Number of protein chains: 2
Amino acid sequence: MARTQGSSSDITGPRIRRVAERLFAQAGYAAVSMRQIAAEVGVQAGALYNYTPDKQSLLFSLMERHLHEVLEGWDTLKSTGTPQEQLAAFVRFHIGFHLERPDAVFIAYMELRNLTPENFARVEGLRRRYETIPERILQAGIDAGEFAVPDPRVATLAVIAMLNGVNTWYRPGGRLTLEQVEDLYLDMVRKSLSAG
Amino acid sequence: MARTQGSSSDITGPRIRRVAERLFAQAGYAAVSMRQIAAEVGVQAGALYNYTPDKQSLLFSLMERHLHEVLEGWDTLKSTGTPQEQLAAFVRFHIGFHLERPDAVFIAYMELRNLTPENFARVEGLRRRYETIPERILQAGIDAGEFAVPDPRVATLAVIAMLNGVNTWYRPGGRLTLEQVEDLYLDMVRKSLSAG
DNA sequence: GTCTATATCATGATAGAC
DNA sequence: GTCTATCATGATATAGAC
């Protein structure tokens, strides 16, 4: 029962991930030391290396898991219906999902520079897979005559950029509820894709 | 005439700024050492301190100058006309100006975390001053009945986020010219603000 | 699985010669 | 204004005891 040293625990691994995610988002990967992470977890620096081979792998695994969760999150929705309905579902999903994970989102596109080339390529691949979701919805809407954009690829990137912007300013408990924010952005996205 | 040591120069200061801007954008402020900057400039690390009191001041001055240049760039345009015309001028200005300075733009919102609280407050103030430009245009358009958005503040942030997204993908010499990109984004911005 | 201790190296910044 | 040399500190990662 009694531990001979420290406060060992079965959940040290997840705790390391949570602490690292928060610290990387707050100060940046390069500015956070393994000692800092260890201190906030409540272990010594050396103990971290039972859970990750090195700092780089820790960063990569955080980003990879986040992107997998986003892709799985959309898959679970299995949205169907008209392009307009799917667009609404995507906008609400994207905003809601990203606002729930501000740190992971922040890291996923702020720390791309700090990945090794191989890790960068894998993360980039996952990101592109996610972008195909709105791109296909847009194309379906164009084919159905519901949307009118001269360049679907650019329109997709513009929509994603607009939606990502929410994370820079929205804070729970502020002037607007999540649903109101979703409504506002869906309104703008719909109009931006309309025949005008 | 002859220098006794190294290759001293009247333009070492500007060179330091250019090198630092490029390196900070590529690898991040925390990941770039003063020795790296010095090496690329062609001087020893100690020499940098003739031009900046410390690394933090170097970062801050890069961001501050960039934001001043953006504000002056718009002031110089002295755009007038209907809200629709001013909106078009702003969209084109913002995209063009930001695509000309990708490194400075990247730093200006990626390295906010690495500013001291006082420096952060000053940079944040300049950024907010810039945001008032599109916000006033939007409000004028609403008052004139040309635009219809339920929340002007959110709409402003959404438009800026969309425009900022251009910097993540546009590369000169690609599929689209700068003017075509401006046209595409202006089309989407206009429609997103319309009565729909 | 965590600890202590340490190897090895890089960092920001400064001092003083020239 | 730049150099060389250095201080003091902190970094990642590893080794071996328990």
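Fair warning: this is a prediction, and the values are worked out from it, not measured in the lab. Heavy-atom basis, side chains included; hydrogens, waters and symmetry copies ignored. Lettering of chains follows the sequences in order, A, B, ..., and the numbering in each one begins at 1.
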Using a 4.0 Å heavy-atom cut-off to protein, can you give one letter per nucleotide of nucleotides 7-12 of chain C, 5' to 3': B if the base is in contact, S if only the sugar-phosphate is, - if neither? ----BB
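- Rounding to whole angstrom units, CG of residue A:Leu48 and C1' of C:dC3 are separated by 13 Å.
- Under the rule for a salt bridge (charged side-chain N to carboxylate O under 4.0 Å, His left out), A:Arg129 has no partner lying at least two apart in sequence or in another chain.
- Of the candidates C:dT4, C:dT2, D:dC3, the closest approach to any side-chain atom of A:Gln44 belongs to C:dT4.
- D:dA13 atom C1' lies 15 Å from atom CD of A:Gln56, rounded to whole Å.
- Remark: A:Glu146 pairs with A:Thr82, A:Pro83, A:Gln84, A:Ala144 by the side-chain contact (heavy atoms from CB on, under 4.5 Å) rule, at least two apart or across chains.
- Shown here are the side-chain contact (heavy atoms from CB on, under 4.5 Å) partners of A:Gln86, two or more places apart in sequence or in another chain: A:Ser79, A:Ile137.
- Considering only residues two or more places apart in sequence or on other chains, B:Asp103 meets the salt bridge (charged side-chain N to carboxylate O under 4.0 Å, His left out) condition with none of them.
- Listed by chain and residue number, A:Glu124, A:Glu131 satisfy the salt bridge (charged side-chain N to carboxylate O under 4.0 Å, His left out) test with A:Arg127 (two or more places apart in sequence, or in another chain).
- Around CZ of B:Arg136, the count of heavy atoms belonging to other residues, nucleotides or ligands within 6.0 Å does not exceed 12.
- At the phosphate of D:dG1, neither OP1 nor OP2 sits under 4.0 Å from any side-chain N or O atom of B:Thr12.
- Taking atom CD1 on A:Ile11 and atom C1' on C:dG1, their separation rounds to 14 Å, with Å as the unit.
- Residue A:Ala47 places its side chain closer to C:dC3 than to any other of D:dG1, C:dC3, C:dG1.
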